[in-house]
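Throughout, protein chains are lettered first and strands after them, A, B, ... in sequence-line order, and every chain is numbered starting at 1. Since we're looking at a predicted model, the values are computed, not measured.
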Amino acid sequence: KNEVEQSPQNLTAQEGEFITINCSYSVGISALHWLQQHPGGGIVSLFMLSSGKKKHGRLIATINIQEKHSSLHITASHPRDSAVYICAVSLMNTGNQFYFGTGTSLTVIP
Amino acid sequence: EPEVTQTPSHQVTQMGQEVILRCVPISNHLYFYWYRQILGQKVEFLVSFYNNEISEKSEIFDDQFSVERPDGSNFTLKIRSTKLEDSAMYFCASTDSLQGSRNYGYTFGSGTRLTVV
């Protein structure tokens with residue numbers, strides 16, 4: 001059973017393109033997280049959302065609680081954005097425990 | 001910027017041996033976590049730790065696993081008798097509140113790659 005589904009699994013884009021990665025979840029959550037995993041394996045936390053929208057530089061994350069859906073957007077994509085982007089949720093009843101999506105592998109070509 | 005530090009970065013161990021993975025969370029953080037990622041698979045939650053005790057654990061975190069905060073700075077994950085299927089990248093994370101720190105949520109360490117042979 002997958003509490004978190006991401007799409008697409010793989011994404012290749014030209015430098016400068018606007019990118020959208022989607023995440024759907026099937027359970028009640030206390031928060032949704034977007035993470036970035038670099039080719040070496042390290043994980044960086046990008047956003048934590050419980051409602052609305054957040055922006056950091058060229059990254060924008062939105063969440064629609066009613067539709068149980070979140071999107072991560074990258075504007076003016078750059079090759080250094082190439083990484084795996086992971087959606088994770090912390091559940092309403094177990095706020096300490098995360099469930100992770102399988103990740104979206106993004107490659108931005110110069 | 002404060003970091004979560006994990007050591008070693010890579011450990012190779014023989015099946016059946018005990019391993020201890022070490023993490024130094026950010027100093028003012030209160031909630032600590034271990035996750036693992038088997039090669040090619042998604043990240044999985046193992047355990048969360050608060051106030052010197054386990055607050056939640058997953059089905060993966062069986063009697064072979066234990067966690068400890070021995071000295072107020074280190075946070076360790078011990079695997080008593082390693083199996084081949086324990087080979088994975090193990091990540092430590094910490095946060096100062098269950099709602100995550102102000103903007104970015106949780107801080108992850110760079111991981112320990114455990115290889116059981």
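Other residues, nucleotides and ligands place more than 12 heavy atoms under 6.0 Å from the NZ atom of B:Lys83. Counted within 6.0 Å of CG on B:Leu39, heavy atoms from surrounding residues, nucleotides or ligands total 12 or fewer; the atom is thus considered open. Within a 6.0 Å radius of CZ in B:Arg69, other residues, nucleotides and ligands contribute more than 12 heavy atoms. More than 12 heavy atoms of other residues, nucleotides or ligands shown are found within 6.0 angstrom of CD on B:Glu85. Taking a 6.0 Å sphere around CD of B:Gln64, one finds it holds more than 12 heavy atoms contributed by other residues, nucleotides or ligands.
Note that OH of A:Tyr99 and NZ of B:Lys42 are 9.5 Å apart. Values are rounded to the nearest 0.5 Å.
Only the side chain of B:Gln37 comes within contact range of chain A, with heavy atoms under 4.5 Å apart. Of the atoms belonging to A:Leu35, it is side-chain heavy atoms, and not backbone ones, that fall under 4.5 Å from chain B.
The shortest non-hydrogen separation linking A:Ser45 to B:Tyr106 is CB-O, 2.9 Å. In terms of heavy atoms, B:Phe108 sits closest to A:Ile43 at CB-O, 3.3 Å.
Classification of the A:Phe98-B:Tyr33 ring pair by plane angle, with boundaries at 30° and 60°, yields tilted.
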